[in-house]
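Each remark here refers to the structure printed beneath this line.
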Amino acid sequence: MAKTQSDFFDQVFQVVRLIPKGRVTSYGAIANYLGAKSSSRVVGYAMNASHSQKEFVPAHRVLNRNGQLTGKHHFSTPYLMQELLEKEKIEVKNDTVVNLKKHYWDPAIELAL
DNA sequence: GTAATGACCTTGG
DNA sequence: ACCAAGGCCATTA
């Protein structure tokens, strides 16, 4: 083991990086894919540590169950997250992703194929 | 070492 | 249907 953080973190980062362009997912979905749906908080915390990661992590594609940009304030700039999502052709209204169901990407399903 | 917090989700009333 | 509280795991103070 001897991991700098936890394997859970690394797994989360890997999954987040695997999120296709123009797609978004939720913390619970990743946690569920890792087999820890009850630990959805840790997934969110992992995103907080994404800044410490060497590689960039598209945390802007990770939203909560409501499709809300809860962690936009943790980015370099609160507008960065929305801007990135809009660049992905994802419509964002009131800090919330529109057509979330349409852009939703579940690793437990997509990666399970 | 103990206590409190956190980019959440689920369940109970 | 809506509102409230609890639970889980890891990090930081």
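As the structure is a prediction and not an experimental result, all values here were calculated from the model. All chains are named by letter (A, B, ...) in the order of the sequence lines, taking the proteins before the strands, and each is independently numbered beginning at 1.
- One can place CG of A:Asn66 at 14 Å from C1' of B:dT10, the figure rounded to the nearest angstrom.
- Of the C1' atoms belonging to B:dA4 and C:dG7, the separation is 16 Å, rounded to the nearest Å.
- Applying the 3.5 Å distance criterion, the base of B:dC8 shares a donor-acceptor pair with the side chain of A:Ser40.
- One interatomic measurement links the two molecules: CZ of A:Phe8 to P of C:dC8, which rounds to 14 Å at whole-angstrom precision.
- Contact check, A:Thr70 against B:dC8: a side-chain N or O comes under 4.0 Å of OP1 or OP2.
- In this structure, A:Ile30 places its CD1 atom 16 Å from P of C:dA10, rounding to the nearest Å.
- Among the protein residues, A:Asn64 comes within range of the sugar-phosphate backbone only, with heavy atoms under 4.0 Å from sugar or phosphate atoms but none that close to a base.
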Evaluate side-chain contact (heavy atoms from CB on, under 4.5 Å) for A:Lys72 paired with A:Asp95, printing each intermediate quantity in order. CA-CA 8 Å; A:Lys72 71 167 192 180; A:Asp95 299 338; 3.0 Å; yes
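- Distance CG (A:Asn48) to C1' (B:dC8): 13 Å, rounded to an integer number of Å.
- One atom, CZ of A:Arg41, and another, P of B:dA4, lie 15 Å apart when rounded to the nearest Å.
- Here A:Ala59 lies in heavy-atom contact (under 4.0 Å) with a base.
- Distance A:His74 NE2 to B:dT5 P: 15 Å, rounded to the nearest Å.
- Of all the heavy atoms in A:Arg17 and A:Val57, the pair that sits closest is NE-CG2, 4.0 Å.
- Rounded to the nearest 0.5 angstrom, A:Asp106 CG and A:Arg23 CZ are separated by 12.0 Å.
- The interatomic distance linking A:Tyr33 (OH) with B:dC9 (P) rounds to 19 Å, in whole Å.
- When the shell of 6.0 Å around NE2 of A:His73 is examined, it contains 12 or fewer heavy atoms from other residues, nucleotides or ligands.
- B:dT5 and C:dG6 have their P atoms separated by 15 Å, with the value rounded to a whole Å.
- Looking at heavy-atom distances under 4.0 Å, A:His51 makes contact with a base.
- In this structure, A:His60 contributes its side chain and A:Leu69 its backbone to no donor-acceptor pair below 3.5 Å.
- The nearest whole Å value for the distance from the OH atom in A:Tyr27 to the P atom in C:dG7 is 24 Å.
- Nucleic acid contact class of A:Arg65 (heavy atoms, under 4.0 Å, all strands): sugar-phosphate only.
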